[in-house]
Number of protein chains: 2
Amino acid sequence: MDNKEISQAVIGRLPRYFRFLGELKDEGIERISSQELSDIMKVTASQIRQDFNNFGGFGQQGYGYKVEYLYEEIGKILGLDKTHNLIIIGAGNLGQALANYMNFERRGFLFKGIFDNNPDLYGKKIRNMEVRPMEEMDAFVKENGIDIAVLTIPKTSAVPVAERLVRNGIKGIWNFAHVDLNVPKEVQVENVHLSDSVMKLAYNINRFEKGDRS
Amino acid sequence: MDNKEISQAVIGRLPRYFRFLGELKDEGIERISSQELSDIMKVTASQIRQDFNNFGGFGQQGYGYKVEYLYEEIGKILGLDKTHNLIIIGAGNLGQALANYMNFERRGFLFKGIFDNNPDLYGKKIRNMEVRPMEEMDAFVKENGIDIAVLTIPKTSAVPVAERLVRNGIKGIWNFAHVDLNVPKEVQVENVHLSDSVMKLAYNINRFEKGDRS
DNA sequence: AAGGGAATGTCAATTGATTGACATTATTTT
DNA sequence: AAAATAATGTCAATCAATTGACATTCCCTT
C-alpha cells in the first residue's frame, strides 16, 4: 500500500464513480474504457485515469476497466466493505428522516440508536428503535462501539455534544448543525450545511438572471 | 458592476463568511480585520481579502471591515435580499423535514407548496400546507411563479420530474435525489448527495485508522 | 493639522489540480 | 505466431487557486 496522501478533490469524486459504476453493473455492462465513462459522466477521460491511478490503477491496457472489479475496488477504498455503527443525535424531523431513509444500511452503516433531550419523545419508536434520553448517550457510545454520530440538533447544543462524543471515542461526526465543530484531528467531521447549499443555489440563480450565461 | 466570472470555489465560501459575520453581528462586534477573522475561521487572511476583492472590496484601509455592512453586502451577493418561491417535490420523511425545517424563510426562501404521487398523503397538512398530487405540479409552477424546486424523490422519478420542471420555467433545482440531472444551462442545479457525503466520511475514518495521521 | 500606525487592496510567487500527449502494454485478429 | 489495434498508465504542460509580500491608503492620536 502506498502511503502518499490522496487529495480530498479526488476523494470527493469517488462516490460519484461508485454510483455510476453501480448502475453500469446493474445494467449488465462488463467492461468500460475511460473514454466511454468520460462521455457518460461528463468529466475528462484524463481525469478518470489520473484519479484511478492514485490507487495504483485498476485497468488493463488495450482493454479498459472491468466494471464489477472497479466497482468493488472503489467500494473498498471508500471503506464500504467494513461496517460502521452509527447513532443519530436529535430525533427531530431531520433526524427521523435520516433514520428512516437509511438504505445506508446496504453500505454498511448500521443504525444503532437515536437520542434526544425532549422527554416527550423518549420511547417513541423510530425505525424499530426507541428514542433514548441524551443522558444515556455517553455510555451507549462506549459500550456499543459506535463509530459515527449524526448530529441533527440545533447549533447551540452541537458543540458541547460533539465534545462529549469525542471524549467517548467517536471516530466520525456527520454534522448537520449550522456550526463549525472544533474536534481533535483524529476525529473526522463531514459537514452538511444545508443553508450554505441553498444559498449557493440562490447565488447561481441570481448570477444567471443578471446575464452571466455560463 | 464588474462582469468577471467568480469561481465557484469563492462562492462556496461566501455562506460560511455570512454565517460567521452574522454571529459576530449578533454579539455586537462592529468591526473586524481580516487577521481577526482569519483566526476565528481558520482560513488565511490573504484568502479572505482576496475573496472579498472579487466583489470590489468592502473594507477600509487601516481600519478593517464593518461587520454589519460586510454581512449585508455578502447577503446581497448571495441574493438573500430577494425572495424565492419554493416548492418541495416528494412528501416523504426528507421532504417533510425540509418543509418544517424551514428557517430558510428568514432568508427569503418562501415555502409555497408540497407535492407527492402517493394518494394517501393528498391533503395531509405539512406546515400548514396540504400535500398536492403531482399532476397539479406543472400548472402550479407556472401560475405561482415558482423559482426553486426541491427534489426529495427517488432517483427513478427525479429525471422526468426535473424535465417537467424545466419545461415550466423553473430557475433552480435543489436536488436530493441520488442521480445527476441533465438540464439546460439556464437552470441551476445544486446537488445534495447525502450518500456521497457519508461515504467521504467513511473514507476519512478508514484512512485515519490505517495510520495516515493528517 | 500633521505624523505614525494599522490593515486593506493588489501584485507576484507558489502550490495544487486538471488537461493533454504519448510511449507502453495487453488484447484481438489474421 | 505476428501484426495491428486499443486503451491504460504516466509524464509534462497548462490552468486555477492559494499564499505571501508590500505599497498605498485611511484612521486615529497628539
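A donor-acceptor contact under 3.5 angstrom links the side-chain atoms of A/Gln50 to the base of C/dT19.
Scanning residues 24-48 of chain A for heavy-atom distances under 4.0 Å to DNA chain C yields A/Arg31, A/Thr44, A/Ser46, A/Gln47. Of the residues in residues 59-75 of chain A, those placing a heavy atom less than 4.0 Å from an atom of DNA chain D are A/Gly59, A/Gln60, A/Gln61, A/Gly62, A/Tyr63, A/Gly64, A/Tyr65, in numerical order.
Taking the side chain as every heavy atom from C-beta outward, A/Trp174 and B/Leu194 approach each other to under 4.5 Å.
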Identify each donor-acceptor pair in which a side-chain atom of residues 140-161 of chain B lies under 3.5 Å from a protein atom, sequence neighbours left out, and give them as a table.
unit_1   : atom_1 : unit_2   : atom_2 : d
B/Asn144 : ND2    : B/Phe140 : O      : 2.9
B/Asp147 : OD1    : B/Lys171 : NZ     : 3.4
B/Asp147 : OD2    : B/Asn85  : N      : 2.8
B/Thr152 : OG1    : B/Ile89  : O      : 3.1
B/Thr152 : OG1    : B/Gly90  : O      : 2.8
B/Ser157 : OG     : B/Pro154 : O      : 3.3

For residues 60-75 of chain A, which side-chain N or O atoms pair as donor and acceptor with protein atoms under 3.5 Å away, sequence neighbours left out?
unit_1  : atom_1 : unit_2  : atom_2 : d
A/Tyr63 : OH     : A/Lys66 : NZ     : 3.2
A/Glu73 : OE2    : A/Lys76 : NZ     : 3.1

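Listed by chain and number, the residues in a side-chain hydrogen bond (donor to acceptor under 3.5 Å, both in side chains) with A/Ser34 are A/Arg49 (sequence neighbours excluded). Judged as a side-chain hydrogen bond (donor to acceptor under 3.5 Å, both in side chains), and not counting sequence neighbours, A/Asn93 has no contacts. A/Glu186 meets the side-chain hydrogen bond (donor to acceptor under 3.5 Å, both in side chains) test with no other residue; sequence neighbours excluded. Checked against salt bridge (Lys or Arg N to Asp or Glu O under 4.0 Å), B/Arg19 has the following partners two or more places apart in sequence or in another chain: A/Asp180, A/Asp196. In this view, A/Asp39 satisfies the salt bridge (Lys or Arg N to Asp or Glu O under 4.0 Å) rule with no residue, not counting sequence neighbours. Taking B/Asp116 as the reference, nothing meets the side-chain hydrogen bond (donor to acceptor under 3.5 Å, both in side chains) condition, with sequence neighbours excluded. Take B/Arg167 and apply the salt bridge (Lys or Arg N to Asp or Glu O under 4.0 Å) test, not counting sequence neighbours, and it matches no residue.
Contact annotation: B/Ser7 does not reach the phosphate of D/dA16 (side-chain N/O to OP1 or OP2, under 4.0 Å).
The nearest whole Å value for the distance from the CG atom in A/Asn53 to the C1' atom in C/dT24 is 13 Å.
Side-chain proximity of A/Arg49 to the nucleotides D/dT8, C/dG20, C/dT10 is greatest for D/dT8.
For the helix from C/dA1-D/dT30 to C/dT30-D/dA1, the axis fitted to the five pairs at one end and the axis fitted to the five pairs at the other end meet at an angle of 20° (nearest 10 degrees).
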